Amino acid sequence: MSINEENIIIKNIFTDNEINSIYDVVKLNENRSEIVAVYSQKAYHCQMPENIISKITNIAKATIKENIVLSEISFASYSKKYGDMPLLSPHFDNTFKEKRFTLDVQLKSNISWPIFVSGKAFTLNDNEALMRACSLRKS
């Protein structure tokens, strides 16, 4: 896959121990989280363990077959607003000035919901990721 090819789902991203270590870091950084009300999202600002960073970087490099530099990792959870349905309105991830790709990882979910990329739906199961190219933002 090059950065311009089709988006793909990657299965079995992390081991159970790695998932637990991610949640441990998130719990330790609860005071560094913020609520993004428009998306009912709680975003955590924390440094992931080096083994998690290395694993994500290696998965991305192997998938796109290009050298990359991991510039950001963010962790977010979505709260329940209407019964069991999270409130995440349709939106575009178009805030980037440069071309990049995103690896959306679903660790644990209580509901199935698709991610749409260029009109195509991708539904992730737990411990799966969607690797997707992000185009340049329009000025």
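For reference, positions follow the sequence shown, starting with 1. Here the structure is a predicted model, which is why all the values come from computation and not from measurement. No hydrogens, no waters, no symmetry mates; every other heavy atom, side chains included, goes into these values.
When all heavy atoms of M48 and V26 are compared, the closest pair comes out as CE-CG2, 4.2 Å. Closest approach of D104 to L124, counting heavy atoms only: O-CD1, 3.6 Å. Residues V105 and A129 share a closest heavy-atom pair of CG2-CB, 3.7 Å.
With hydrogens and angles ignored, the 3.5 Å screen pairs a side-chain donor or acceptor of K55 with a backbone N or O of I13. S54 places no side-chain N or O within 3.5 Å of a backbone atom of N51 that could act as its donor or acceptor partner.
In this structure, the side chain to side chain contact (heavy atoms under 4.5 Å, CB included) partners of T123, at least two apart in sequence or on a different chain, are S112, P114. Remark: K27 engages no residue in a side-chain hydrogen bond (donor to acceptor under 3.5 Å, both in side chains) (not counting sequence neighbours). Not a single ring pair (Phe, Tyr, Trp, His ring centres under 6.0 Å) links F122 to another residue, sequence neighbours left out.
Side-chain contact check for Q106 and N127: no donor-acceptor pair (N or O, by modelled atom type) lies under 3.5 Å.
There is no path of hydrophobic side-chain contacts, each under 4.5 Å, that joins Y23 to L28. Using a 4.5 Å cut-off between side-chain heavy atoms of Ile, Leu, Val, Met, Phe, Trp and Tyr, with links allowed through other members, I8 and I56 fall into the same hydrophobic cluster.
Considering CG of N12 and CD1 of I10, their distance stands at 11.0 Å, rounded to 0.5 Å. For the atom pair C46 SG and D24 CG, the distance stands at 11.5 Å (nearest 0.5 Å).
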Item to check | Criterion side-chain contact (heavy atoms from CB on, under 4.5 Å) on I52 and V25, from CA distance to verdict | outcome: CA-CA 11 Å; I52 300 299; V25 168; over 6 Å; no
Item to check | Verdict with reasoning, Q47 to N29, per side-chain contact (heavy atoms from CB on, under 4.5 Å) | outcome: CA-CA 9 Å; Q47 180 67 33; N29 287 278; over 6 Å; no
